[in-house]
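In this text the structure is predicted, and so the values were computed from the model without any measurement.
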Amino acid sequence: MRQLMKRACLFLFAVMTAGSTTRAEATEPVPPHQSFTLESKTLKENRRINVYTPPGYDAAKSTRYPVLYMPDGGLQEDFPHVATTVDTAIRAGEMRPLIVVGIENTERRRDMTGPTQVDEDRKIAPRVGGSAAFRGFIRDELMPQVRRRYRVTKETAIIGESLAGLFIVETFFLQPKLFNTYIALSPSLWWNGEELVRKASERLEAQPDLRNTLYLSSADEDNIVPAVARLEETLRTSAPAGLKWQCEPRPDLRHDNIYRAASPRVLRKWFPPGATHRAP
């Protein structure tokens, strides 16, 4: 019975992700932006990067801005709706100005997943388990390039959903100082038998000085809600005092619409106008 349920969850996941249900349509409007290609020695491939800069960026020559990084950041993926959300909120005075850096996918399931001991997990793609290399690309190649090209502060954030949410939670636990703010919408925490959830307590206790921000949510989905709830309970008992966190169930939403439905409010909440970040 347990194996049957596992196969059903994986089938549901495949249906949800294979069709790129959270990706943008080709004709979806996107605010003015720039794009460049970065040759990655770490990943041994070229990666396309899309960058939104806030209103007034060109005129404010001495102003620097925080950066919101996002996997699934292609023009046919989630970059258009996230950039539009940010642009709309900034212009309305509901969010402080920031730069959005979208990372377009090549092999999404390779980049977003860590190693796994679960045979069923390995069936989702020809190659999985490449999250460490993808994180190294962001840390050692993309971030320095963004710092050279744009006027940025030291404040960084990352947002993503599903497998990208899994990558974000993994990064929070394994390299928490890479970003100041972590936003994971319906993260696929079932990966590798919920390894991130199982080891959460010891990893939190090993980082008593954490001063990051972590936001988690889950939609109406049987294979993610229990894991997120278990992680929430661990955060209640083991989170360092300096960690600012929130876990918000969204049973009114589905896996295929939580990103678009929830991100406008979430981004406005965690990046309000006039606020400054806490150093990690």
Side-chain angles (χ1 to χ4, degrees), residues 22-24 28-35 49-75 77-103 138 142-143 146-147 149-161 164-165 168-169 171-172 178-187 211-217 219 243-248 250 252-253 257-280:
T22 62
R23 305 297 180 264
E28 183 171 1
V30 57
H33 63 281
Q34 301 173 351
S35 300
I49 309 300
N50 301 300
V51 182
Y52 160 86
T53 53
Y57 177 87
D58 292 335
K61 300 297 184 182
S62 62
T63 304
R64 295 183 174 273
Y65 302 88
V67 184
L68 174 66
Y69 289 88
M70 53 172 299
D72 298 331
L75 297 181
E77 300 171 327
D78 289 309
F79 183 80
H81 75 80
V82 171
T84 296
T85 291
V86 170
D87 186 67
T88 300
I90 292 171
R91 293 181 185 277
E94 299 168 349
M95 183 176 176
R96 58 195 173 101
L98 51 76
I99 295 170
V100 180
V101 174
I103 309 166
I138 294 173
L142 178 57
M143 284 180 157
V146 170
R147 289 193 292 266
R149 288 173 175 261
Y150 299 94
R151 301 191 310 275
V152 302
T153 67
K154 293 182 179 180
E155 182 183 1
T156 58
I158 186 168
I159 186 172
E161 178 260 354
I168 289 168
V169 175
T171 301
F172 168 76
L178 188 57
F179 300 97
N180 302 102
T181 300
Y182 294 80
I183 299 173
L185 308 172
S186 282
R211 291 182 55 80
N212 304 73
T213 296
L214 173 65
Y215 174 85
L216 302 166
S217 71
L243 176 65
K244 185 177 181 180
W245 67 275
Q246 181 185 10
C247 185
E248 185 176 26
R250 292 298 307 269
D252 55 314
L253 300 177
N257 70 7
I258 188 171
Y259 205 159
R260 290 174 180 268
S263 58
R265 184 182 60 81
V266 170
L267 288 169
R268 283 168 168 83
K269 175 177 180 176
W270 295 108
F271 302 98
T276 58
H277 83 284
R278 302 180 304 167

Could you tell me whether a side-chain N or O of Asn180 sits under 3.5 Å from a main-chain N or O of Thr156, the two making a donor and an acceptor?
yes

Between CD1 on residue Ile90 and OH on residue Tyr52, distance to nearest 0.5 Å
4.0 Å

If I compare all heavy atoms of Pro29 with all of Thr84, which pair ends up nearest, and what's the gap?
O-OG1, 3.8 Å

Separation between CD of Glu77 and CG of Leu75, rounded to the nearest 0.5 Å:
8.5 Å

Mind running side-chain contact (heavy atoms from CB on, under 4.5 Å) on Val30 and His33 for me, showing each step along the way?
CA-CA 8 Å; Val30 57; His33 63 281; 3.6 Å; yes

Glu248: side chain to side chain donor-acceptor pair (under 3.5 Å) partners, not counting sequence neighbours
Tyr215, Arg265

In short, Arg268 meets Thr85 closest at the heavy-atom pair NH1-CG2, 4.0 Å

Ala164: which residues meet the side chain to side chain contact (heavy atoms under 4.5 Å, CB included) condition with it, sequence neighbours left out?
Pro71, Asp72, Arg108, Met112

Does one side chain, of Asp78 or Tyr259, offer a donor that lies under 3.5 Å from an acceptor on the other?
no

Rounded to the nearest 0.5 Å, the CZ atom of Phe179 sits from the CG atom of Leu214 at a distance of 13.0 Å

Evaluate the side-chain proximity of Leu267 to Met95: yes if any heavy-atom separation is below 4.5 Å, no if none is.
yes

Leu178 and Met143: CA distance, side-chain angles, deciding distance, side-chain contact (heavy atoms from CB on, under 4.5 Å) verdict
CA-CA 10 Å; Leu178 188 57; Met143 284 180 157; 3.7 Å; yes

Answer yes or no: is there a side-chain heavy-atom contact under 4.5 Å between Tyr150 and Val101?
no

Under 3.5 Å, which donor-acceptor pairs link side chains of residues 55-65 to any protein atom two or more places apart or in another chain?
residue	atom	partner	partner atom	Å
Tyr57	OH	Arg151	N	2.9
Lys61	NZ	Asp58	O	2.8
Arg64	NH1	Val152	O	3.4

Thr213 side, atom OG1; Ile183 side, atom CD1 - distance, nearest 0.5 Å:
9.0 Å

What heavy-atom pair brings Ile168 and Gly160 nearest, and what distance separates the two atoms?
CD1-N, 3.0 Å

For Asn50, what residues pass the side chain to side chain donor-acceptor pair (under 3.5 Å) criterion, not counting sequence neighbours?
Ser35

Check Arg260 with Glu28, please: is the shortest side-chain N to carboxylate O separation under 4.0 Å?
yes

Where do Ile103 and Phe79 land on the side-chain contact (heavy atoms from CB on, under 4.5 Å) test, with the steps shown first?
CA-CA 9 Å; Ile103 309 166; Phe79 183 80; over 6 Å; no

Test item: Glu161 and Ile258 side chains (from C-beta on) under 4.5 Å apart, heavy atoms
yes

Nearest heavy-atom neighbours spanning Leu243 and Asn212:
CD1-O, 3.4 Å

Taking only residues two or more places apart in sequence or in another chain, which ones pass side chain to side chain donor-acceptor pair (under 3.5 Å) with Tyr182?
none

Under the rule for side chain to side chain contact (heavy atoms under 4.5 Å, CB included), what residues qualify as partners of Pro66, not counting sequence neighbours?
Arg96, Leu98, Thr153, Glu155

Point-to-point distance, once rounded to the nearest 0.5 Å, from CG of Asn257 to CG of Leu185:
11.0 Å

Under the side chain to side chain contact (heavy atoms under 4.5 Å, CB included) test, residues paired with Ala157 that sit two or more places apart
Leu68, Thr181, Phe271

When you compare the side chain of Arg149 with that of Gln34, does any pair of heavy atoms fall below 4.5 Å?
no

With Ser217, which residues qualify under side chain to side chain donor-acceptor pair (under 3.5 Å), at least two apart?
none

Would you say the side-chain atoms of Thr53 pair up with the backbone N or O of Ile99, donor to acceptor, closer than 3.5 Å?
no

Which heavy atom of Val169 sits nearest to which heavy atom of Ala184, and what is that distance?
CG2-CB, 3.8 Å

Begin with the C-alpha distance, continue with both residues' side-chain angles, and end with the deciding distance and a verdict on side-chain contact (heavy atoms from CB on, under 4.5 Å) for Val100 and Val51.
CA-CA 6 Å; Val100 180; Val51 182; over 6 Å; no

For the student: nearest non-hydrogen atoms of Leu253 and Ala261, plus distance
CD2-CB, 3.7 Å

